[in-house]
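One structure is given below, encoded as structure tokens.
A note on names: the letters A, B, ... follow the listed sequences, proteins ahead of strands, and every chain is numbered from 1.
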Number of protein chains: 2
Amino acid sequence: MDSKKDLRTITRKDIAIEAGVTETIVSYVINGNRYVKEEKRKKVEEAIARLNYRPNTMARALKGKKSNHILFIADDIKGEYFGKLISEIDTLAYTEDYFITLCADHQDEDFVNRIYSKFFDGIVIGSASFPLYNIQRLIDAHIPIVLLEIRDYSSITGVYGLINTGLYEGSRRVVRTLYERGKRKLLFLDRISSSGVWSNLDDWRLKGFTDQCSVYNLEPVIVSGCSSEDELSAKLFDLLSSGYVPDGIFGRNDQIALVGMQACQKMGYKVPQDIAVIGFDNTRLCRFSSPTLTSVEIEQKEVARCVMEMMMSLIDNSSSFEKRLEVYLDTKMVMRESV
Amino acid sequence: MDSKKDLRTITRKDIAIEAGVTETIVSYVINGNRYVKEEKRKKVEEAIARLNYRPNTMARALKGKKSNHILFIADDIKGEYFGKLISEIDTLAYTEDYFITLCADHQDEDFVNRIYSKFFDGIVIGSASFPLYNIQRLIDAHIPIVLLEIRDYSSITGVYGLINTGLYEGSRRVVRTLYERGKRKLLFLDRISSSGVWSNLDDWRLKGFTDQCSVYNLEPVIVSGCSSEDELSAKLFDLLSSGYVPDGIFGRNDQIALVGMQACQKMGYKVPQDIAVIGFDNTRLCRFSSPTLTSVEIEQKEVARCVMEMMMSLIDNSSSFEKRLEVYLDTKMVMRESV
DNA sequence: CTGAAAGCGCTTACAG
DNA sequence: CTGAAAGCGCTTACAG
């Protein structure tokens with residue numbers, strides 16, 4: 001039987017026997033926290049390599065070591081944005097020997113108990129709908145938490161990581177861009193949500209939009225509360241028919257911006273001449289629509305890098321921090337034909 | 001201190017004390033595998049509810065119970081197709097009290113050792129590039145495995161789950177559809193891969209395409225080996241300039257189909273009049289391109305349901321099966337303007 | 001320098 | 001019917 005081919009559970013005991021040492025020695029070699037005679041160390045290392053041994057993660061975690069699992073909570077797993085982000089994080093996590101567990105943001109009260117089971121070394125929260133109250137509980141329980149700042153988290157106290165992905169500034173820049181092109185009647189298209197969660201002013205995209213509109217003394221219109229693309233189209237139809245015709249549309253994400261763009265086009269308006277449209281996330285959609293869609297890009301690679309870096313810091317030296325870790329990232333606007 | 005608010009680690013011991021019973025009793029109540037006097041059972045159940053107790057998953061798993069974690073290996077985490085699928089699976093998994101860990105298909109030899117650590121109750125493989133050899137090893141080690149049949153897995157033996165998502169039949173239908181519209185010079189656009197993994201005839205989409213072309217005695221062209229969208233565009237440019245102009249294009253997925261469509265349009269060809277285009281996966285992209293893209297849809301909800309159902313069967317009664325579990329799903333073609 | 005032993009939080013065979 | 005005890009695979013304080 002070739003041990004390389006046949007998968008069976010190798011335990012520390014197997015290694016001890018194979019290397020002709022005590023089980024204790026094996027542990028110390030693995031953890032590197034005690035001097036072990038060179039000769040023994042070699043034998044153990046060889047045995048580990050030969051038998052393809054990996055210490056049982058669960059047994060280690062039970063003894064207080066890391067589980068090497070990180071939980072990622074997202075409110076829009078389906079979206080291309082999270083797909084890319086998760087993909088980048090996965091790559092980084094893999095080299096750090098971590099696994100990423102992905103979970104939608106379930107709303108029931110039991111959820112937080114379920115994720116707080118000492119199982120995860122840390123939790124990344126990329127969801128606008130996770131209750132602040134529960135985030136605070138997790139932080140208070142000293143679980144390493146990294147927040148993607150989709151909304152305002154300034155009320156959260158304690159030690160945690162905060163990644164400002166530039167949504168607020170990016171949204172302001174959208175308004176600025178539209179304004180500079182002479183657009184004055186701006187329309188914001190909020191998320192489509194079948195679970196009934198829409199943005200409020202805690203949401204950085206919406207807040208950036210309204211704040212910058214205030215700077216210019218504009219009175220923008222916000223379309224919110226839609227639970228499907230068709231509903232959004234219908235609402236726009238009604239709105240434009242009723243006499244209000246915007247000259248600039250900002251969609252909370254590319255998909256929504258494009259639904260808006262198509263609705264306007266169907267009603268005979270030209271993009272960008274009559275109505276300019278800008279999206280968010282710079283997904284693949286932007287390149288295949290016509291006109292192609294101008295969009296704000298979040299630098300996922302950089303976000304992913306920061307997420308992992310912060311998480312590793314919090315996991316490895318959480319006790320050495322006294323306040324939250326913060327990082328501010330920039331977005332960039334990718335100009336295309338829709339503006 | 002309100003125990004509902006404060007998150008601390010509650011162990012079986014806490015429950016035993018709270019309920020005034022032995023720790024053993026607590027275990028038996030949780031596992032329901034021994035009669036416990038009604039009165040005691042009640043007390044224990046109340047204590048569990050009051051303290052929000054959840055047995056430590058790792059300790060249970062160490063004793064041979066389930067870890068309630070399933071690993072999902074995908075070769076294209078970024079893609080919208082997997083996003084939707086994962087999202088559906090997550091919903092189902094959550095109600096079954098499972099977590100889904102997501103992992104790209106890493107190519108190093110250590111990968112299989114890493115995932116085989118008794119940590120995962122089962123593994124779903126949705127990747128065309130995971131070596132058959134390693135799949136077989138995992139199955140031989142009696143880990144519940146569910147394969148999404150992206151390629152031909154008929155050589156894999158033993159007990160496992162196989163979900164045929166209808167890629168082969170769907171691809172044949174694409175050819176049939178194009179043929180019925182009078183298209184005879186068909187072009188297949190293979191995946192874009194930066195890691196250098198392209199399709200061979202193990203791949204059901206490609207095989208369906210070529211098989212159906214044979215039925216009609218067509219001599220199709222296949223464009224493969226591109227590592228970026230730009231490279232694919234360039235290749236198409238060269239191909240069409242050199243005199244070969246297809247009248248039907250089948251893209252391995254929507255994105256690739258659209259890259260092909262745009263390249264043709266840039267060269268002055270009309271879609272669908274000169275060249276018809278069909279994609280795969282029916283992603284959001286299809287609805288926003290112009291012309292909108294006809295595409296083959298895989299019923300993700302149904303795939304997700306089958307994945308979880310099979311996985312649960314394999315985990316709970318794996319010993320009672322003697323051969324692989326199979327299910328065949330249908331795709332449907334969503335007709336739009338590109339054909 | 002190094003081994004035997006306690007213990008992480010559980011499950012369940014074993015012995016009352 | 002039910003409790004004390006062994007043990008899952010580890011880590012590391014404790015005692016040589």
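- Between B:D110 and A:R54 there is a salt bridge, since a side-chain N of the basic residue sits under 4.0 Å from a carboxylate O of the acidic one.
- When the nearest nucleotides of DNA chain D are assigned to A:R34 and A:I10 by heavy-atom distance, the more 5′-ward of the two goes with A:I10.
- Side-chain rings of B:Y94 and B:F99 stay apart, their centers remaining 6.0 Å or farther from each other.
- Following rounding to the nearest Å, A:K43 (NZ) and C:dT2 (C1') show an atom-to-atom distance of 15 Å.
- Consecutive pairing runs in DNA chain C reach the stem threshold at C:1-3 with D:14-16, C:5-12 with D:5-12, C:14-16 with D:1-3, where a stem means at least three Watson-Crick or G-U wobble pairs with distances under 3.5 Å.
- Between A:F119 and B:F119, the ring planes are perpendicular. Angles over 60° get that label, and only those under 30° would be called parallel.
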Validation: residues 158-165 of chain B side-chain donor-acceptor distances under 3.5 Å, sequence neighbours left out:
| from | atom 1 | to | atom 2 | distance (Å) |
| --- | --- | --- | --- | --- |
| B:Y160 | OH | B:I156 | O | 2.9 |
| B:Y160 | OH | B:R324 | NH1 | 2.6 |
| B:N164 | OD1 | B:G166 | N | 2.9 |
| B:N164 | ND2 | B:E149 | OE1 | 3.2 |

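- Ring planes of B:H106 and B:F111: perpendicular class, angle over 60° (limits at 30 and 60°).
- Residues that satisfy the salt bridge (charged side-chain N to carboxylate O under 4.0 Å, His left out) test with B:K66, not counting sequence neighbours, are B:D316.
- Contacts between residues 22-31 of chain A and DNA chain C, defined by a heavy-atom separation under 4.0 Å, are made by A:T22, A:T24, A:I25.
- Judged by distance alone, the side chain of A:N134 and the main-chain N or O of A:P131 form no donor-acceptor pair under 3.5 Å.
- Atom name C1', nucleotides D:dG16 and D:dT12: the rounded distance is 16 Å, in whole Å.
- A salt bridge does not link B:E88 with B:K84: none of the charged nitrogens is closer than 4.0 Å to a carboxylate oxygen.
- Considering only side-chain atoms of A:K40, the nucleotide from C:dC10, C:dT2, D:dC10 that sits closest is C:dT2.
- Straight-line distance from the CZ atom of A:F119 to the C1' atom of C:dG9: 14 Å, rounded to whole Å.
- Between the B:D121 side chain and the B:S67 main chain, a donor and an acceptor come within less than 3.5 Å of each other.
- Side chain to side chain, B:T57 and B:N68 fail the donor-acceptor criterion of an N or O pair below 3.5 Å.
- Using a 4.0 Å cut-off on heavy atoms, the residues of residues 60-70 of chain A that approach DNA chain C are A:L62, A:K63, listed by number.
- Look at A:Y53 and you'll find a side-chain N or O under 4.0 angstrom from OP1 or OP2 of D:dC10.
- For B:N33, a side-chain nitrogen or oxygen approaches OP1 or OP2 of C:dT12 to under 4.0 Å.
- Applying the side-chain hydrogen bond (donor to acceptor under 3.5 Å, both in side chains) test to every pair with at least one member in residues 36-49 of chain A, sequence neighbours left out, gives no pairs at all.
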